[in-house]
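The block underneath contains the structure these notes are about, expressed in structure tokens.
Heavy-atom basis, side chains included; hydrogens, waters and symmetry copies ignored. Nothing here was measured: the structure is a model prediction, and the numbers come from that model.
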Amino acid sequence: MSETLDDLEERINELRGEIRRAVRAREGILARSLRAELRTAERAWDHAVAASEPPGTDEPPPGSLLPVREQVHQALTLLGVPAAAKMIVAVHGALRAGSLKGAQLTSLRRDEERSFGTSPFARPYYLCAALTDRLSASRGLLAVSTWPLEQRVVGPLSPRVDFLTTAIRVAEHILRLAETGEQAPPSAQRLLSRLAQNIPGATPYGHGTRHLATGLTLAGPGTASGAGVAGGFAEPDPAVVVKAAQAELGVHAAADAAARAEIAGRARDRLRDAERLFGGTMLSLARTRAAGREV
Amino acid sequence: MSTLAALARLRALQTGTAKRLATVRHCHLSERPMVFIPLRLAGEAAAPLAAMAGTDPARPRLLVVPQPRDRDLRFAFTAELAEILLPYVEGLQKATETVERRGAEPYERCLDAPQLIVPNRGAVAFVHMLGRSTRFRRAEGPYAVHPSVPVLGRWLTFLAQRAQYPGSAVLLAATEALSLHWATGQSMLEDANLASLLGWIDPPAGMTGASAAREAEDPLVWPPAGPATDPGFDTEVLVPAIRAYEQRPTERAAARVGEAVRTQLEPTWGLMWRAIDLLGGLPAGPGTAARWEADRASFTNFTAQLAEGGPPQPKRDGAVGAASRLARMERAQASYDAQRAYDDPLVMAGHRLTGEAFTGTVVATDPDHTEGEGRGRKLRPLLTIRTTDPARLAPGARLGTPERRGQQAEVVEIAGGLVTLKIIKGMGRGKAATPGAVPEVGERVCYAALSDEFQPPASLPAPEDTPWTHGGPPPEHVPADEDPEEEWS
Amino acid sequence: MDRLDLLRGPVPPRPHDARAIAALAANPGCARRAVLDAAGIDKDATATHLGFPAPFGQSPFAITRGNVFESLVKESGCAELLRLLRDILDLPIPLAAYNDLGDVGGNPSAHLRHSHTRKLIDRAARDADDAGTLYDHPLLRLDIAGHSSYLEPDVVAFRLGGLFRIVEIKSFAVVDGQAEPDKVAAAARQAAVYVLALRNLLRELGHDPGRVSHDVVLVCPENFANRPTATLVDVRRELAVLKRQLARMTRVGTMVDALPPELTFDLARDADGVPTRPVAELREAVRGVDARYAPDCLSTCDLCFFCRDEASAEGSTDLLGRQVRDALGGVATVAEALGLADGSLTPDEGQEEIARLLRLADRIYAEVS
């Protein structure tokens with residue numbers, strides 16, 4: 001070992017100081033080269049430390065044997081509605097064993113699109129996009145290609161409807177487990193509480209005494225008024241959640257279905273196969289239109 | 001700001017070093033204060049990142065939360081802080097004195113009280129937040145914490161609440177204590193930076209206060225005194241260190257975070273003890289002992305409340321509680337201002353400038369002057385003082401004097417640089433004034449319209465009689481079940 | 001506005017975000033700041049080139065915390081936000097429609113996104129009932145001294161009945177009903193910028209701008225948890241200050257006309273974007289427009305260290321802060337104030353009273369210290 005750990009640490013601290021000085025002086029190029037030096041020094045430190053340490057007892061985290069796309073497919077199938085990566089991870093973590101990480105989902109849709117482009121419909125299903133009313137791929141929502149278009153498009157009320165549906169599916173899953181005498185994992189209960197808190201009538205607390213205006217005042221410039229809505233924990237009853245969510249769902253269902261049918265109709269008319277799955281090129285159309293107007 | 005303080009700042013700017021605003025120390029300084037420097041994770045209300053604490057300048061204790069978003073680690077931090085703070089506080093509860101009271105039972109009062117010294121106002125606010133976030137925790141149940149944590153929370157809350165009381169010294173912000181005694185050549189805003197403030201007051205050899213203060217603004221030379229950390233430090237050092245801990249939560253990774261925050265805390269630790277030394281170098285003002293006595297009484301009371309198993313301090317004051325607290329604070333502020341003026345000619349100077357006080361030479365006296373007839377005849381010694389101060393006092397105004405505390409005089413007449421007073425209290429009960437009670441001709445005297453006498457508390461309804469306009473009687477505080485279970489992410 | 005382009009040099013004007021616009025109101029008396037901002041000059045780059053880099057920075061922890069909290073409030077079609085609005089404003093259950101105005105596919109221009117926002121807000125303003133309730137990421141526009149600035153707020157515009165409201169999400173905590181006053185003030189100032197921009201949009205579309213409420217919904221985490229809580233904050237005062245300052249900046253023309261014709265703040269960047277303007281020359285140019293330094297600038301303006309240094313060289317009493325300046329009755333320099341205090345300077349007309357006080361203070365201070 002050419003340098004001792006102490007030397008390296010001193011060097012690392014010096015470099016950090018220099019980097020911060022460079023960053024503050026807006027000397028980007030210098031900061032970058034210093035950062036590179038810092039990384040080298042940190043790597044050297046890591047090596048030196050590893051050499052001085054008895055063999056590690058750490059093990060890689062247990063991973064599911066299924067490929068990521070299949071785990072995502074399972075979660076989406078259970079939900080039956082387009083979902084964001086964060087929700088997919090939460091649902092997967094709550095209902096199945098395994099450790100899906102948000103980062104694993106970031107490139108998923110692009111990979112699927114590439115695979116579809118190479119050989120269309122070669123796979124039994126693709127993880128695809130939900131479509132906005134502009135027929136473009138919705139930011140962040142994943143869906144399954146085998147779902148009817150109506151299920152994959154997003155109208156103005158669809159986020160709410162899909163949220164309520166998600167709550168119902170999670171609650172039903174917990175009820176099914178209970179029927180077979182299984183205890184739902186705590187993570188499932190936590191997810192259900194979180195969802196239930198935002199559904200009127202789904203939780204046993206919160207819309208009772210705490211609902212009264214508490215005269216929350218902020219020490220601020222303008223006059224502040226309003227009511228604080230406090231939070232807490234309570235185990236919601238899955239059956240109550242299902243009922244409450246269905247009640248609100250009933251309010252939105254017809255309007256949402258009509259909007260979805262309209263968007264799905266347009267998508268069928270105007271989009272090619274790949275676009276129906278991964279989003280249309282309305283953007284380029286719109287761009288040409290906008291450009292044409294400006295000229 | 002008074003013209004006097006403004007002038008002191010101008011002189012500081014002109015000469016390059018801070019100017020004194022006081023000739024004596026106006027805050028009690030404990031023989032064994034505890035210095036506490038908390039750091040908070042940026043963007044969070046009360047997520048401790050680290051702290052340095054202790055009563056021995058040579059042996060600071062470093063507390064670190066290697067991943068401040070992890071609530072278990074946060075509570076481990078508070079448990080560790082409790083290990084430091086609670087023995088300190090409890091050690092001061094043992095020695096007591098018996099206080100005799102006229103018409104009431106004598107009671108026991110602790111001989112000393114805790115004194116926590118933090119760098120700045122932000123740290124005082126953080127103590128309050130940390131107290132709020134821990135005092136409702138419970139040692140059992142779903143989110144159990146170490147039993148010391150809620151006790152710590154109550155003590156922190158006690159200190160933070162008591163600190164709002166004018167003249168209290170149980171929780172001092174170093175920047176505020178220093179600013180009370182010195183004027184710098186920069187703005188009050190810049191004085192909130194401890195390193196820069198000390199740069200003005202006590203610059204290193206070969207440097208002017210002004211240049212020391214400028215250097216102190218460089219976070220690479222003098223890391224901020226907290227609770228906020230330097231964003232550059234966060235980006236370059238803390239983020240990678242915490243990320244490394246997240247990936248592999250080993251002892252070494254935790255130590256790496258610890259070493260990183262140590263570099264940010266150690267310079268301030270040194271500054272804090274320098275601040276204490278500087279304050280300690282000033283002779284204590286006579287009033288500090290009485291104010292500390294009130295702190296000791298408050299500490300004794302709170303100790304008793306805790307011992308009796310009282311509930312944690314409520315989240316909010318009721319209307320009457322808040323109003324009586326406000327009235328108490330206003331009285332305390334007035335009496336604190338008066339005490340400092342009587343203790344310190346430099347503070348009195350500010351009142352002389354505004355005309356509330358004056359200094360002059362006695363030119364005539366009539367020590368045997370009386371008023372009234374027969375049995376109602378009273379001794380009212382008269383004296384006339386020549387002054388060049390712009391005294392702005394109305395006839396009948398009540399005055400006190402630093403030379404003869406407890407004496408009271410009344411303005412008879414002010415004309416052409418001559419002030420005539422009559423002494424109405426504190427000259428003895430005999431036919432003639434007690435020797436020395438009436439100043440001699442030629443004596444330099446100072447009189448001021450400032451009173452630090454006890455005034456009866458404002459009459460407020462009892463809490464149970466709170467009018468409905470003010471929310472009605474507050475519900476009796478019952479610790480709510482959800483209090484300890486409050487989510488704490 | 002060619003003059004402003006000349007002042008800036010051959011670089012695009014720096015866009016103003018809401019934070020920058022809100023900060024405009026911080027020191028309205030400063031001509032230097034008004035001119036540089038009106039010309040869209042990169043004050044940060046200017047300060048750095050002058051050798052006085054701004055002392056600001058935001059911790060990555062704070063940024064992450066802000067993003068995490070915002071996404072929590074907005075996830076699942078703003079489920080948390082709906083709960084809060086149903087609670088404090090009695091938003092009826094059927095009104096749950098969510099439109100993400102930022103989600104238009106791909107990465108379109110600000111212009112295109114703004115016209116999309118216009119279209120949807122117009123429809124919402126015309127339609128009584130079912131045109132939508134929540135409008136996330138509206139791309140608004142505000143004219144500042146003749147330049148259009150696009151504002152990309154992370155706010156939600158929300159419509160109930162005929163009234164629009166701005167929802168602002170901030171990650172500072174409200175503990176027991178209290179938040180840090182300066183944070184609430186900053187949030188109110190920023191929200192006022194959005195209210196004004198949305199009002200202007202309605203006016204342009206031929207609707208009544210009064211349909212945007214001056215009460216904004218401020219959403220913050222409650223106590224020590226992540227759970228959001230909502231508060232209505234009245235921003236009328238902030239709106240008034242902002243409008244006044246924007247009007248002032250439109251009049252910046254007269255200020256600019258008075259400047260020497262050859263004056264420019266151009267950094268003369270080379271092909272790599274490195275400034276080549278001689279520093280002394282730039283310093284003279286910046287000093288050509290008067291500043292009004294105050295210690296408050298230290299937390300709001302990129303040029304603060306430069307202006308402080310200048311004030312220090314001039315021996316200005318501004319250095320010591322407003323309280324001192326007030327106590328000195330507006331005497332401008334340290335030398336003048338001290339001269340009045342020791343009697344070496346004869347007071348000008350109107351300075352007699354402060355001179356008397358300073359002399360008295362000087363005498364008493366010497367007597368007791």
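B/Arg40 has no carboxylate O lying under 4.0 Å from a charged side-chain N of B/Glu44, or vice versa, which leaves the two without a salt bridge. Electrostatic pairing of C/Asp362 and B/Arg11 counts as a salt bridge here, judged by a charged N lying under 4.0 Å from a carboxylate O. Salt-bridge formation is detected for the pair B/Glu190/C/Arg308: a Lys NZ or Arg NE/NH1/NH2 atom is positioned less than 4.0 Å from an Asp or Glu carboxylate oxygen. Taking a cutoff of 4.0 Å between a charged side-chain nitrogen and a carboxylate oxygen, C/Lys170 and C/Glu70 do not qualify as a salt bridge. Using a cutoff of 4.0 Å between basic side-chain nitrogens and carboxylate oxygens, B/Asp389 and C/Arg363 are scored as salt-bridged.
Of the two parts of C/Ser299, neither the backbone nor the side chain holds a non-hydrogen atom closer than 4.5 Å to a non-hydrogen atom of chain B. At a 4.5 Å heavy-atom cutoff, C/Arg325 makes no contact with chain B through either its backbone or its side chain. For a residue to count as touching a neighbouring chain, one of its non-hydrogen atoms must lie under 4.5 Å from one of that chain's; by this rule C/Asp318 does not touch chain B. Residue B/Leu41 touches chain C through its side chain alone, counting heavy-atom pairs closer than 4.5 Å. Heavy atoms of C/Leu328 lying under 4.5 Å from chain B belong exclusively to its side chain. Interface remark: C/Leu298 contributes side-chain atoms only to the contact with chain B (heavy atom separation under 4.5 Å). In this structure, the portion of C/Gln58 lying under 4.5 Å from any heavy atom of chain B is its backbone and not its side chain. Interface remark: C/Val175 contributes side-chain atoms only to the contact with chain B (heavy atom separation under 4.5 Å).
Each of B/Asp230, B/Thr235, B/Thr184 has some count of heavy-atom pairs under 4.5 Å with chain C, and the biggest count is that of B/Thr235. Across C/Pro295, C/Gly321, C/Ala173, the residue that shares the most heavy-atom pairs under 4.5 angstrom with chain B is C/Pro295. Considering only heavy-atom pairs separated by less than 4.5 Å from chain B, the leading option among C/Leu358, C/Val324, C/Ile364 is C/Ile364. In terms of non-hydrogen atom pairs under 4.5 Å with chain B, the most contact-rich of C/Leu357, C/Leu320, C/Val368 is C/Leu320. Annotation: maximal heavy-atom pairing with chain C below 4.5 Å, among B/Gly43, B/Ala22, B/Ser2, occurs at B/Gly43.
Using a 3.5 Å distance cut-off with no hydrogens or angles, the side chains of C/Gln190 and C/Glu238 do not pair a donor with an acceptor.
Shortest non-hydrogen contact noted between B/Pro402 and B/Cys446 is CD-O, 3.3 Å.
Figure legend: cation-pi geometry between B/Lys315 and B/Phe136, with NZ or CZ positioned under 6.0 Å from the six-membered ring centre and within 45° of its axis.
Looking at C/Arg32, C/Arg292, C/Arg283 one by one, the single match for salt bridge (Lys or Arg N to Asp or Glu O under 4.0 Å) with C/Glu310 turns out to be C/Arg32.
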